[in-house]
J.: 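Take this structure, written in structure tokens, and hold onto it; I'll ask about it next.
Residue numbering restarts at 1 for every chain, and letters A, B, ... go by the order of the sequence lines.
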Amino acid sequence: MLRRALIASIVLSAAAASATSFAGAPLVVSVWGGNWKDTIERVVAKPYTAQTGIPVEFEVGGTLDRLAKARVAKGAPLVDVTFTTSHVARLYASDGLLEKLDLAKLPASKDLAKEAFRSEHAVGGWAYVYTIAYRADQVKTPITKWADLWRPDLKGKIAMPDFDPSHIITISALLEGGNEKTWEKGQERLRQLKPSIAAFFSTDARSQDLMKTGEAPVEVMLSINAFHLREQGVPITIVEPTDKPGILGIDVATVMAGGQKTKNAYEFVNMLLSKDVQEQLAAGFKAGPTNMKAGVPAALKGQPGVFATPAEWKERGYIIDDETRATLLPKWKEWFNANIVAR
Amino acid sequence: MRARLAGPLLLAPGLIAIVLFATALGALFRLSVLEFIPGSLRTGGVTAANFHAVLSAQYLRAIGDTALLSAATTILTLLASYPVAYALARARSGRVRSLLLGLTLAPFFTGAIVRTYAWMLVLGSSLVSWPVRLLFEPSGVLVGLVHFSMPTMILILAAALAHVDPALERAAASLGARPARVFARVTLPLSMPGVVSASLIVFAWTFSAFATPELLGGGRVKMIANVVKDLALDSFNWPGSAAFAIVALAVTLALVAGLGRLLTPRAS
């Protein structure tokens, strides 16, 4: 009798301990490092913890490093919410890594721009553009349009991402009357840009280093990074190109499939999409909110990548079709490496 | 009974390591023969297409560039390290030896990334105005690789030189050999085992260099590891990346074996 009571009490205490520890377990959010993590932590995670009592921890890394980690942890994800780019979210989804979003659990999503619904697995958190940014102290003649990148005075001065050449490939195609689906139209134009390229970068940090040191004073750059550099005192001009729009990017929030804290993950994403948080994100990142009820600070209105109305989403940014991008990126990358990167 | 168990027990860690490496290689090989589906992380059926694709000129050029850079790094590192190793092995003053050893080991106390970023500042145009462009060029990558390899080369060479009996050099000198001849006929041949092993180590690890070409090459100098990363993490082509890694591994083994045979003096 005594033995039974002892066993029962041990089992009950173990169950209670496990329940307590699960309730206190942190929500793990996967995001890029630096300014990205800092802003998400300040604007979303802290109010979330204050509201729910659930601490938030971060897994920080590059877009594709985190994808690789998620893949090996399939079935028992190490994170609950993942921020990534919209086309990479398709890769997560293709391997069953993401929860199909139940919008009823995201009431704030009713106010989102329709462009924010990237797929049934991913919802846009903020928008930006890949555009031209340059050091005004090192480039004397102002750059105002994409076609200026081909100017002779910019020879050996430009840097661009090599991990994802989709922006410049699409722009070259657009300048030649094509688009991302008929990207071959821009190949010859892009080849002509080769002598102008000083370096390629694989990470946001490298992109910013190249601009800070002046090794590459002109960049095809993420607008959010450009604003961040400007805040650090780098004399940078961010261009709203007049010939073709910047390439619009939408970073998305996703809920990992098979996680232990799915309900909390939904609450976190819903908070991200809420009007107040979106306004703070827009001000923090200098990005466009996806919640159309969120206001944009007056100083940011009209800046590259900051869209305040549904019309601006269409007029001031070019959205590459996510599926085309995810499918063609390997081919683009191979062509780009062979024809542009190769010495 | 104990003696009987001692052999297998001593072998166990090695066998476990072999099984783990073989399993990882097996997984890599399995992935390399699965079909790549663009826009998806899923793989298709068995195919040889990945090997066909990575044997194209673009990827073979990366292997060729890697072999050239590795060979140049090995030769330059050897030339730069031998005098330092000689001084380290033969310095009479303990202080000088400690100083040389400290300077040799100093790079180990800074991470590879920190060192490479420091080289970016030196090779770039922000601090020094170079007559030719070094940063984001093979020459800049070569500088970084040589610096990265020197401590290891110096330590191996110094150990080899310490085993060369100075009495043999003195004997040669006493028989009228000039210092250059003493070095060429006595010191260098006797230190060859160290030269060979250090060269093989530097060549093999330069072959798999990643951070130095990634940062100092600015994306324009691609070595094998950079291409593997490009395929896996930028193009999401994991089967292609696995196939390229297998091809690169085979080339590395063949080159290291060939170099070992070439450099190792034959017993006649």
Side-chain angles (χ1 to χ4, degrees), chain A residues 61-68 70-71 74 87-88 90-97 156 159-166 194 197-203 205-206 209-210 212-217 322-343, chain B residues 27 31 36-43 50 53-54 56-62 64-65 113 116-117 120-127 133-141 210-211 213-222 226-227 229-241 244:
Chain A
T63 307
L64 299 157
D65 308 339
R66 292 185 292 118
L67 169 63
R71 200 183 180 200
K74 186 179 176 182
H87 70 289
V88 171
R90 287 186 174 263
L91 295 174
Y92 277 88
S94 76
D95 206 24
L97 301 173
M160 58 181 64
D162 65 350
F163 61 97
D164 181 358
S166 51
K194 193 173 171 179
I197 302 172
F200 298 93
F201 54 83
S202 301
T203 63
R206 282 286 296 126
D209 285 343
L210 287 166
K212 272 186 204 166
T213 59
E215 295 296 343
D322 284 340
E323 191 163 352
T324 304
R325 189 175 182 184
T327 309
L328 284 181
L329 188 57
K331 193 184 268 190
W332 287 345
K333 172 89 182 151
E334 189 168 7
W335 180 88
F336 193 76
N337 271 345
N339 293 277
I340 308 298
V341 176
R343 281 172 293 114
Chain B
L31 190 58
F36 168 54
I37 303 170
S40 170
L41 290 183
R42 292 188 189 278
T43 47
N50 301 319
V54 300
S56 65
Q58 177 185 350
Y59 297 111
L60 290 178
R61 189 163 53 232
D65 287 351
I113 301 293
T116 310
Y117 266 95
M120 286 174 70
L121 288 176
V122 175
L123 298 173
S125 53
S126 48
L127 290 181
R133 190 183 174 97
L134 291 171
L135 193 60
F136 311 143
E137 294 291 336
S139 47
V141 174
F210 174 75
E214 186 77 4
L215 294 172
L216 295 180
R220 301 178 71 203
V221 183
K222 298 276 183 195
N226 308 104
V227 174
K229 175 250 169 193
D230 279 358
L231 280 166
L233 293 184
D234 296 348
S235 300
F236 326 118
N237 183 356
W238 293 7
S241 176
F244 189 67

J.: Using ring pair (Phe, Tyr, Trp, His ring centres under 6.0 Å) as the criterion, list what pairs up with B:Y59, not counting sequence neighbours.
T.: B:F244
J.: According to ring pair (Phe, Tyr, Trp, His ring centres under 6.0 Å), who are the partners of A:Y92, at least two apart in sequence or on a separate chain?
T.: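 A:Y92 satisfies ring pair (Phe, Tyr, Trp, His ring centres under 6.0 Å) with no residue once adjacent residues are dropped.
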J.: Examine distances only and state if a side-chain atom of B:S235 and a backbone atom of A:K333 form a donor-acceptor pair shorter than 3.5 Å.
T.: no
J.: Is A:E323 close to chain B through its backbone or its side chain, or both, or neither, when contacts mean heavy atoms under 4.5 Å?
T.: neither
J.: Which heavy-atom pair separates B:I113 from B:A211 by the least distance, and what is that distance?
T.: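 Heavy atoms of B:I113 and B:A211 come nearest at CD1-CB, 3.8 Å.
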J.: Which residue out of B:A62, B:P138, B:A57, B:G240 racks up the most heavy-atom pairs below 4.5 Å with chain A?
T.: B:P138
J.: If every non-hydrogen atom of B:G124 is compared with every non-hydrogen atom of B:L135, which pair is closest and at what distance?
T.: CA-CD2, 3.8 Å
J.: Which bit of B:D230 is near chain A, if near means a heavy-atom gap under 4.5 Å: side chain, backbone, both or neither?
T.: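 It is both, since atoms from each part get that close.
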J.: Are the ring centres of A:F336 and A:F163 closer than 6.0 Å?
T.: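 Ring centroids of A:F336 and A:F163 are no less than 6.0 Å from each other.
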J.: Can you tell me which portion of A:A216 sits under 4.5 Å from chain B's heavy atoms? Options are side chain, backbone, both or neither.
T.: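 When you check distances to chain B, no heavy atom of A:A216 falls under 4.5 Å.
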J.: Sort A:R325 into side chain, backbone, both or neither according to what part of it lies under 4.5 angstrom from a heavy atom of chain B.
T.: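 Contact with chain B is absent: no heavy atom of A:R325 under 4.5 Å.
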J.: Tell me, out of B:Q58, B:E214, B:K222, who's got the most heavy-atom pairs with chain A below 4.5 Å.
T.: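 Top option by heavy-atom pairs under 4.5 Å: B:Q58.
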J.: A:D95 versus chain B, heavy atoms under 4.5 Å apart: side chain, backbone, both or neither?
T.: both
J.: Who among B:Y117, B:F136, B:F36 has the most heavy-atom pairs with chain A under 4.5 Å?
T.: B:F136
J.: Would you mind checking which part of A:I340 comes under 4.5 Å of any heavy atom in chain B, side chain (CB onward), backbone (N, CA, C, O), both or neither?
T.: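 For A:I340, no heavy atom lies under 4.5 Å from chain B.
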J.: For A:D209, which atoms come within 4.5 Å of any heavy atom of chain B: side chain, backbone, both, or neither?
T.: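 When you check distances to chain B, only side chain atoms of A:D209 fall under 4.5 Å.
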J.: What do you reckon, is NZ of A:K331 surrounded by more than 12 foreign heavy atoms closer than 6.0 Å?
T.: no
J.: For residues B:L233 and A:A68, report the shortest heavy-atom separation together with the two atoms involved.
T.: CD2-CB, 4.3 Å
J.: Which region of B:I37, side chain (C-beta onward) or backbone (N, CA, C, O), has a non-hydrogen atom less than 4.5 Å from a non-hydrogen atom of chain A, or is it both or neither?
T.: neither
